[in-house]
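Read through the structure below, which is laid out as structure tokens, and then see the notes.
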There are 2 protein chains.
Amino acid sequence: MPKDRAPTRIQKKNRAAILEAALNVFSAHGFRGATVDQIAAEAGLSKPNLLYYFPSKEAIHTALLSGLLDTWLAPLHDLDENGEPMEEILSYITRKLQMSRELPRESRLFANELVQGAPRIHDALSNDLKALVDQKAAVLTHWMDQGKIARLHPHHLIFSIWALTQHYADFDVQVRAILGDEDPFEGAAPFIDTLYRKLLTP
Amino acid sequence: MPKDRAPTRIQKKNRAAILEAALNVFSAHGFRGATVDQIAAEAGLSKPNLLYYFPSKEAIHTALLSGLLDTWLAPLHDLDENGEPMEEILSYITRKLQMSRELPRESRLFANELVQGAPRIHDALSNDLKALVDQKAAVLTHWMDQGKIARLHPHHLIFSIWALTQHYADFDVQVRAILGDEDPFEGAAPFIDTLYRKLLTP
DNA sequence: CGTGAGTTTGACCAGATGGTCAAATCAAGA
DNA sequence: TCTTGATTTGACCATCTGGTCAAACTCACG
């Protein structure tokens, strides 16, 4: 394992290649379904070489998840309590849907983890995520108190946004099997926009 | 393997125990993450004994999925084109949400399969499921033409119902981590009901 | 009972998989 | 160029896993 110094050119390149490959493989097959050989091959490294950069399969997975969690929650984080309520929420929704289109692997990585009980990120959920959601729920409640948006259960409002947007990334195969040639996001964007306009109008 | 005769008392009991155990294990760990030993142990059988009833791990999985698909789609199947539109749809939603509460393992079984690209049920999706959804989408469109419900993309309307209801089964850990003690379904039911009343009112 | 089909099991196997290690090779600064 | 740490690899290992098999056991029924 490399010492504690600044990462070399090669270290940077290989670590990045490994994480990129791991994202492909873990998101497509889940933790248990992914093999170190597969990740190594996709990263263009031999298995022992890969294990020179990360001590174990688990370590790769952990590095991936924690590295992506911030990216994943950024849109919610950006929800601005000083902005125009309806506009803020619709823009949050747009960004989430965009992430489902542009980062489906990340979405499925988390989906895989969650659907199997989140054995490796349970802490992050009940600490960091809960704190963030509670905070934003308070903002939503405040907007409701002001009569700016319809009164609804703020947590379930957030869940509904997650469900509606991530569905298109996580269950992509199903959506495409049913829609055929039609681009899922073409129809999803206006549908979801309409839905929340109607729902949130007081 | 037992002959082609009527199943004996023991066969019935053991097959049922195996499928029940398999549902537990597959829904919690996915196909690849589940082991035959685990299923056998949970069914109270030895591994060779289990493989006396099903020829392979794959066969158990297939039997489970195809056995449950009908159950899973029954609520949509029951959507009655001759019923009162709003009432029919809201009742469909209620039944779907109820399934998330009462049959979360089944939901996660399909979720696991779908999120990993549905390698084992791709055919069922683009044939049976697509046909059913297209047919019900036509019913929805008809109701929209009659002005009974708001005009929306029918397929995405169906997707939204799936997303909102199944979210509570598939991502149960996340929902509970955020809600704490609060019962997810207590809040979800009225939230979703309100949502669709607002959305569908012309 | 006795008997034949149905059921169960311990021992076993081959391949896959996560991980190790010493030796070989490479790269960059003195 | 030489040296030293960084990088890479082939060979190897223990364990896990899906699956097999022959032998043993049990059950239902004539």
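Below, chain A is the first sequence line, B the second, and so on; all start at residue 1.
- If you check every strand for non-hydrogen atoms under 4.0 Å, A40(A) touches nothing.
- The distance from atom CZ of F26(B) to atom C1' of dG18(D) is 12 Å, rounded to the nearest whole Å.
- No engagement by A59(B) is indicated, since no non-hydrogen atom pair under 4.0 Å with the nucleic acid exists.
- Stacking of R15(A) on the aromatic ring of F54(A) is recorded, both the 6.0 Å distance cut-off and the 45° axial limit being met.
- For Q11(B), counting side-chain heavy atoms from C-beta on, the closest listed nucleotide (dG6(C), dT17(D), dG19(C)) is dG6(C).
- Note on S46(B): a side-chain N or O is less than 4.0 Å away from OP1 or OP2 of dT9(C).
- Picking from dG19(C), dT20(D), dC16(D) the nucleotide with the shortest atom distance to the side chain of L51(B) gives dT20(D).
- Straight-line distance from the CG atom of N14(A) to the P atom of dC26(C): 15 Å, rounded to whole Å.
- Listed in residue order, the members of residues 111-120 of chain B having a heavy atom less than 4.0 Å from DNA chain C come to none.
- Taking the nucleotide of DNA chain C with the nearest heavy atom to each of L50(B) and F31(A), the more 5' of the two is matched to L50(B).
- Separating the CG atom of D37(B) from the C1' atom of dG10(C) is a distance of 13 Å, rounded to the nearest angstrom.
- A salt bridge does not link D170(A) to R108(A): none of the charged nitrogens lies less than 4.0 Å from a carboxylate oxygen.
- Checking R95(B), K96(B), K136(B) one by one against D78(B), the salt bridge (Lys or Arg N to Asp or Glu O under 4.0 Å) holds for a single residue, R95(B).
- Mapping K47(B) and I10(B) onto DNA chain D via the closest heavy atom, the residue that lands nearer the 5' end is K47(B).
- Per the geometry, NE2 belonging to H61(B) stands 13 Å off P belonging to dG19(D), to the nearest Å.
- The listed nucleotides are dC16(D), dT8(C), dA6(D); the one nearest the side chain of T8(A) is dA6(D).
- Judged by the 6.0 Å and 45° rule, R101(B) forms no cation-pi pair with Y168(B).
- Closest heavy-atom contact between T141(B) and P154(B): OG1-CG, 3.5 Å.
- You'll find that the side chain of P48(B) is closest to dA11(C), out of dC21(C), dA11(C), dT8(C).
- Under the 3.5 Å distance criterion, with hydrogens and angles disregarded, a donor-acceptor pair is assigned to the side chains of H155(B) and D134(B).
- The side chain of Y52(A) contributes no N or O atom lying less than 4.0 Å from OP1 or OP2 of dT8(D).
- Between H29(B) atom NE2 and dC16(D) atom C1' the separation is 15 Å, expressed in whole Å.
- At a cut-off of 3.5 angstrom, counting only N and O atoms as typed in the model, there is no donor on one side facing an acceptor on the other between the side-chain of K57(B) and the base of dG19(D).
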Next item on the list: Walk me through it: do F191(A) and H153(B) pass the test ring pair (Phe, Tyr, Trp, His ring centres under 6.0 Å)?
Entry: CA-CA 7 Å; F191(A) 176 89; H153(B) 192 308; 7.8 Å; no
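- Among the nucleotides dT20(D), dT8(C), dT8(D), the one closest to the side chain of Y53(A) is dT8(D).
- Among the nucleotides dT9(D), dG19(C), dT20(D), the one closest to the side chain of N49(A) is dT9(D).
- The number of heavy atoms from other shown groups lying within 6.0 Å of CD (Q146(A)) is above 12.
- A sub-4.0 Å separation between OP1 or OP2 of dA16(C) and a side-chain N or O of R32(B) is absent.
- With rounding to whole Å, E58(A) atom CD is found 17 Å from dT17(C) atom P.
- When rounded to the nearest whole Å, the span between CZ of F54(A) and P of dT20(C) equals 15 Å.
- The interatomic distance linking L45(A) (CG) with dT7(D) (C1') rounds to 10 Å, in whole Å.
- Looking at the side chain of T35(B), the nearest of the listed nucleotides dG18(C), dG6(C), dG18(D) is dG18(D).
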